[in-house]
Structure formats: C-alpha cells, structure tokens
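The structure appears below as structure tokens.
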Amino acid sequence: MDIKISPSILASDYANLQAELEKCEKGGADLIHLDVMDGHFVPNISIGAPVITAMKKVCSVEFDVHLMISDPYFYIDDFIHAGADIITFHTECDSDIQKTIDKIIAGGCKAGLAVKPDTPVEEVFPYLDKLSMVLVMTVEPGFGGQSFLESTLPKIKKLREKCPLIDIQVDGGINTKTVSLAGSAGANVFVAGSAVFKSDNPAEAIQTLRNNARV
Ligand code: DX5
Ligand code: ZN
C-alpha cells in the first residue's frame with residue numbers, strides 16, 4: 001500500500017494559512033487534512049466550507065476533509081464546492097450513512113467513513129464497496145495534541161485483514177513512534193497535526209513520519 005502523510009491544519013497557524021499550506025506542499029505532503037467541527041458532534045468548533053474554499057485557491061495538494069459534524073448529509077454540497085477531494089464523516093453521526101456516501105460520490109468526491117475509538121470497526125463493513133478510505137480514530141475526536149490510544153490497534157488489524165487494498169487512515173496522536181505502531185497494524189494514511197506543525201522543520205517531520213510508517 002502507498003504510504004500517505006496528511007498534515008492536519010488544525011495545529012497550524014490560522015493567521016498564516018497560505019504559508020502553512022506551502023510548507024506542506026514543499027515538504028511532500030500527500031494530502032491536506034481539514035478538520036471541520038460543529039461544536040455539537042464534538043465539543044469544539046473549527047473551520048467551515050468558506051475557509052476551505054479560500055485555502056483551495058492557494059494549494060494544489062488533495063484536500064482530505066474530516067467532518068466531525070452531526071448532520072454531514074446536509075452540508076456535503078458545500079464541501080464539494082469548496083474543493084474537497086475526499087470527504088470523511090462518522091458512523092456515529094445523525095445522517096443516513098448510505099445516502100451520505102452516495103451524495104459524496106455523486107458529487108465527484110471520494111468517500112471515507114470514520115469510527116471513534118470506542119465504536120467497533122464492523123460498523124463500516126456494510127459500506128466498504130463504495131468507500132475509498134476508512135478512518136480509525138486513534139484519539140477521541142475534537143482536539144489536537146492528545147495521546148495515541150493503543151487500544152485502537154486491533155481494529156486496524158481487523159480491518160486490514162478484511163480489506164487488503166482499502167486506504168486505512170489513522171488520526172490523533174500520530175508521531176514518529178506511534179506512526180510505526182499504526183503502520184504495523186495495517187494503516188497506510190497518517191494524519192499528523194502537532195507532529196508536523198509544532199516541529200521546527202515540517203518537511204523533515206513529514207519525511208520522518210513517512211520513513212517510520214514503512215513496515
Ligand atoms: C482530532 C482531529 C485530528 C487532529 C490531530 O479530532 O481529527 O485531525 O488535528 O491532531 P494531532 O496530530 O495533534 O493529534
Ligand atoms: Zn481529523
């Protein structure tokens with residue numbers, strides 16, 4: 001499987017988004033991870049579609065949009081028009097999962113489905129044929145800078161055994177050590193916020209994550 005590194009903008013300097021995006025692009029990021037939080041599905045509010053629209057104009061890396069919102073179905077068109085390439089939403093949301101996946105794909109985007117740490121990974125199984133990616137959250141969604149939960153590793157293994165070819169993304173607490181744990185379990189797409197943006201050298205951080213992810 002291709003290793004992909006997806007820096008999470010949540011940990012970046014929001015006053016200098018264009019410069020932060022350039023660091024990722026020059027540093028060889030495969031994707032840009034955009035965390036959308038509504039203050040309802042998670043107890044935090046981040047950015048929405050207008051900010052993503054603006055960012056898309058100054059960045060040519062694929063946009064990996066992670067919706068931590070209660071009703072993703074209602075907002076899918078906004079994120080498609082904003083320039084999302086992959087839209088991932090949660091099994092724990094209030095929308096109809098199949099209809100939401102179908103709407104994402106009909107709009108020309110790739111669809112991803114996410115599970116929180118305590119949600120069994122089997123919840124995504126009925127939808128696998130339409131999904132490009134499954135996101136196994138390795139922290140409780142809502143905030144950057146949390147510690148990686150090793151209890152999520154068996155879910156990654158189980159999913160990789162069932163789906164040898166699907167992109168398995170991990171998000172939360174990914175650093176130079178935990179990236180190897182998740183990679184050995186079968187993940188191949190790694191979101192990293194603090195590990196990239198709190199580093200003095202984001203390009204080097206991306207490269208180290210990529211090297212350490214290889215199993
Ligand atoms: C958490 C977000 C993550 C977050 C990761 O709810 O989904 O994408 O930005 O941040 P780090 O890498 O700092 O744990
Ligand atoms: Zn995320």
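Numbering of ligands and ligand atoms starts at 1, following listing order.
- Judged purely by distance below 3.5 Å, without hydrogens or angles, the side chains of S60 and E25 pair a donor atom with an acceptor atom.
- Of all protein heavy atoms, the one lying nearest to atom 3 (C) of ligand 1 is D171 OD1, 2.9 Å.
- Near S194, meaning under 4.0 Å from any of its heavy atoms, are these atoms of ligand 1: 11 (P), 12 (O), 13 (O).
- Rounded to 10°, the angle formed at the Zn ion (ligand 2) by ND1 of H66 and OD2 of D171 is 90°.
- D85 and K56 are joined by a salt bridge, as a carboxylate oxygen and a charged side-chain nitrogen come within less than 4.0 angstrom of each other.
- Closest to atom 14 (O) of ligand 1 among all protein heavy atoms lies G173 N, 2.8 Å.
- No hydrogens or angles considered: a donor-acceptor pair under 3.5 Å links the side chains of S95 and D71.
- Judged by distance alone, the side chains of T176 and N212 never bring a donor and an acceptor atom under 3.5 Å apart.
- Side-chain N/O atoms of N211 and T208 include no donor and acceptor closer than 3.5 Å.
- Under a 4.0 angstrom heavy-atom cut-off, A195 registers as lying outside contact with ligand 1.
- Scanning the protein heavy atoms around atom 11 (P) of ligand 1, the nearest turns out to be G145 N, 3.7 Å.
- The residues E161 and K158 are annotated as not salt-bridged, no charged nitrogen and carboxylate oxygen being separated by less than 4.0 angstrom.
- Set against the non-hydrogen atoms of G172, the atoms of ligand 1 under 4.0 Å away are 14 (O).
- Counting protein heavy atoms only, atom 12 (O) of ligand 1 is closest to G193 N, 2.8 Å.
- Of the protein's non-hydrogen atoms, the one nearest atom 9 (O) of ligand 1 is S8 OG, 2.8 Å.
- For the pair K162 and F125, the cation-pi criterion (under 6.0 Å, within 45° of the ring axis) is fulfilled.
- Below 4.0 Å from some heavy atom of G142 lie the following atoms of ligand 1, by number and element: 1 (C), 6 (O).
- Residue contacts with ligand 1 leave out K198, since none of its heavy atoms falls under 4.0 Å from the ligand.
- Considering V136, T138, V139, L149 in turn, L149 is the only one that fulfils the side chain to side chain contact (heavy atoms under 4.5 Å, CB included) rule with P117.
- Ring geometry for H66 versus H33: interplanar angle of 30 to 60°, hence tilted.
- N188 and Q169 form no side-chain donor-acceptor contact under 3.5 Å, judged by distance and modelled atom types alone.
- Close contacts of ligand 1 with H66, meaning ligand atoms under 4.0 Å from a residue heavy atom, involve 7 (O).
- Taking a cut-off of under 4.0 Å to the non-hydrogen atoms of P141, the atoms of ligand 1 that pass are 6 (O).
- With ligand atoms numbered from 1 in the order given, ligand 1 contributes 6 (O), 7 (O) to contacts under 4.0 Å with heavy atoms of M68.
- H33 contributes NE2 and D35 contributes OD1; the angle these two atoms make at the Zn ion (ligand 2) is 90°, rounded to 10°.
- Atom 1 (C) of ligand 1 has its closest protein heavy atom at F143 O, 3.6 Å.
- A salt bridge is absent between K110 and D167; no separation between the charged side-chain nitrogens and carboxylate oxygens falls under 4.0 Å.
- For ligand 1, the atoms sitting less than 4.0 Å from at least one non-hydrogen atom of H33 are 8 (O), numbered in the order shown with element in parentheses.
- What sits closest to atom 10 (O) of ligand 1 on the protein, heavy atoms only, is G144 CA, 3.5 Å.
- Here the OG1 atom belonging to T100 is positioned 7.0 Å from the OH atom belonging to Y73, to the nearest 0.5 angstrom.
- Ligand 1 places these atoms under 4.0 Å from at least one heavy atom of D35: 2 (C), 3 (C), 4 (C), 7 (O), 8 (O), 9 (O).
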